[in-house]
Amino acid sequence: MKAKFIVVEGLEGAGKSSLMPAVVNWLEQRLKVRVITTREPGGTKIAEQLRSIIKHGIEEEHLSPMGEVLLLYAARLQLIEQVIKPALEQEIWVVGDRHDFSTLAYQGAGRSLPFDQLKQVRDVTLGDFRPDLTLYLDLDPELGMQRARSRGELDRIERQHIDFFHRARARYQQLVAEEPKAVTIDASQTPEQVQQSVLSVLEQKFC
């Protein structure tokens, strides 16, 4: 089977990071394939520098919403060209912690930027490159932020008003509904139930 790019998406506290190892282990053990993981923003030297600016800002300088979008797409393009595409060409599967849906949901809906403008930036930057499967972990924003706060200090994005995350969730749900290669997973379940739901999807898609 040709190598695939699988993305795990969701709001803060949805459990993306804890789910990633289970997805990787299933792919390695069930399909006997090589797998690497990525995170966005980040994953290359340039992208990690941009991640720091996006997540923490720069003292005494305001980052405009569209400026944030452009930094995200710059980081994403670096990751795709330097890591993801070369891996897929070498028949290495890629499992990503966030990708394009995050920007369309967080910056598009969360920051109330025009959806058409973001899609234009996406199309110019990424062309027709899309994940082969997106696993969206759906979770009520209040529960998600409770979980996020329990992890420690919140970053610049995580400190947004709760309405920001409600708007982002609504956009996520819209994006998944319109994308045949995306699946919604109920992230309010126990971690074990979420993992089983995801592995069932992988079994259906790739076996």
Side-chain angles (χ1 to χ4, degrees), residues 7-17 38-43 47-80 96-131 134-149 151 153-188:
V7 174
V8 182
E9 286 278 9
L11 296 176
E12 311 307 317
K16 300 181 307 300
S17 298
T38 61
R39 69 171 184 175
E40 291 195 30
E48 288 294 331
Q49 292 288 326
L50 295 173
R51 177 186 178 88
S52 179
I53 296 172
I54 293 164
K55 299 284 278 186
H56 305 292
I58 293 178
E59 190 174 353
E60 298 181 357
E61 182 169 349
H62 172 69
L63 178 58
S64 71
M66 187 53 73
E68 185 175 84
V69 167
L70 296 174
L71 291 181
L72 283 162
Y73 277 105
R76 182 163 298 132
L77 183 59
Q78 287 298 116
L79 180 65
I80 289 171
D97 183 341
R98 296 197 182 282
H99 190 59
D100 194 53
F101 276 14
S102 285
T103 303
L104 298 176
Y106 275 59
Q107 282 66 41
R111 300 209 184 283
S112 300
L113 291 174
F115 191 43
D116 288 345
Q117 288 186 10
L118 264 69
K119 289 196 294 184
Q120 289 175 3
V121 174
R122 177 198 64 187
D123 292 344
V124 168
T125 308
L126 307 185
D128 60 359
F129 183 82
R130 301 289 185 273
T134 297
L135 301 164
Y136 165 57
L137 306 183
D138 185 55
L139 186 68
D140 180 85
E142 277 84 1
L143 176 56
M145 292 314 299
Q146 288 178 16
R147 293 178 178 178
R149 283 190 289 270
R151 300 196 302 252
E153 185 177 352
L154 302 180
D155 63 32
R156 190 179 69 88
I157 303 296
E158 293 167 336
R159 291 195 296 269
Q160 301 301 306
H161 190 276
I162 194 66
D163 289 347
F164 173 98
F165 297 103
H166 279 290
R167 292 192 297 272
R169 183 192 191 191
R171 178 59 54 79
Y172 264 129
Q173 292 171 332
Q174 174 192 351
L175 292 167
V176 173
E178 296 172 351
E179 174 51 68
K181 294 181 180 180
V183 178
T184 296
I185 304 295
D186 180 4
S188 67

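Here, residue 1 is the first one in the sequence, and each next residue gets the next number.
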J.: Counting C-beta onward and ignoring hydrogens, is there a side-chain heavy-atom pair between V7 and F101 closer than 4.5 Å?
T.: no
J.: Validate the cation-pi geometry between R76 and Y73: distance from NZ or CZ to the six-membered ring centre under 6.0 Å, angle to the ring axis within 45°.
T.: yes
J.: Less than 3.5 Å apart, which donor and acceptor atoms pair up between the side chains of residues 173-185 and the rest of the protein, not counting sequence neighbours?
T.:
{"from": "Q173", "atom 1": "NE2", "to": "D138", "atom 2": "OD1", "distance (Å)": "3.4"}
{"from": "Q174", "atom 1": "OE1", "to": "R171", "atom 2": "NE", "distance (Å)": "3.3"}
{"from": "Q174", "atom 1": "NE2", "to": "E178", "atom 2": "OE2", "distance (Å)": "3.4"}
{"from": "E179", "atom 1": "OE2", "to": "K181", "atom 2": "N", "distance (Å)": "2.9"}

J.: Measure the shortest side-chain to side-chain distance between L113 and V69 over non-hydrogen atoms and say whether it is less than 4.5 angstrom.
T.: yes
J.: Throw together a table of side-chain donor-acceptor distances under 3.5 angstrom for residues 114-126, partners on residues two or more places apart or in other chains.
T.:
{"from": "D123", "atom 1": "OD1", "to": "R130", "atom 2": "NH2", "distance (Å)": "3.3"}
{"from": "T125", "atom 1": "OG1", "to": "V121", "atom 2": "O", "distance (Å)": "2.7"}

J.: With sequence neighbours left out, what residues match F164 under ring pair (Phe, Tyr, Trp, His ring centres under 6.0 Å)?
T.: Y106
J.: Apply side chain to side chain donor-acceptor pair (under 3.5 Å) to Q49 and list each qualifying residue two or more places apart in sequence or on a separate chain.
T.: none
J.: Just to verify, what does S17 make a side chain to side chain donor-acceptor pair (under 3.5 Å) with, not counting sequence neighbours?
T.: D97
J.: Going by side chain to side chain donor-acceptor pair (under 3.5 Å), name the residues that satisfy it together with E158, two or more places apart in sequence or in a different chain.
T.: R151
J.: Please list, chain by chain and in numerical order, all residues satisfying side-chain contact (heavy atoms from CB on, under 4.5 Å) with D186, sequence neighbours excluded.
T.: S188, Q189
J.: Sequence neighbours left out, what pairs pass side-chain hydrogen bond (donor to acceptor under 3.5 Å, both in side chains) with at least one residue falling in residues 58-70?
T.: E68-Q107, E68-R111, E68-R156
J.: Quick check: does any side chain N or O of E9 sit under 3.5 Å from a backbone N or O of L135, one acting as donor and the other as acceptor?
T.: no
J.: Got a sec, which residues hit salt bridge (charged side-chain N to carboxylate O under 4.0 Å, His left out) with E48, two or more places apart in sequence or on another chain?
T.: R39
J.: Mind checking side chain to side chain donor-acceptor pair (under 3.5 Å) for H56 and listing every partner two or more places apart, or none if nothing turns up?
T.: none
J.: Only pairs at least two apart or in different chains count here, so list each side-chain hydrogen bond (donor to acceptor under 3.5 Å, both in side chains) that has a residue in residues 139-148.
T.: E142-H166
J.: So I54 and L72, do their side chains get closer than 4.5 Å, heavy atoms only?
T.: yes
J.: Using atom types as modelled and distance alone, determine if a side-chain donor or acceptor of R98 lies under 3.5 Å from a backbone N or O of E40.
T.: no
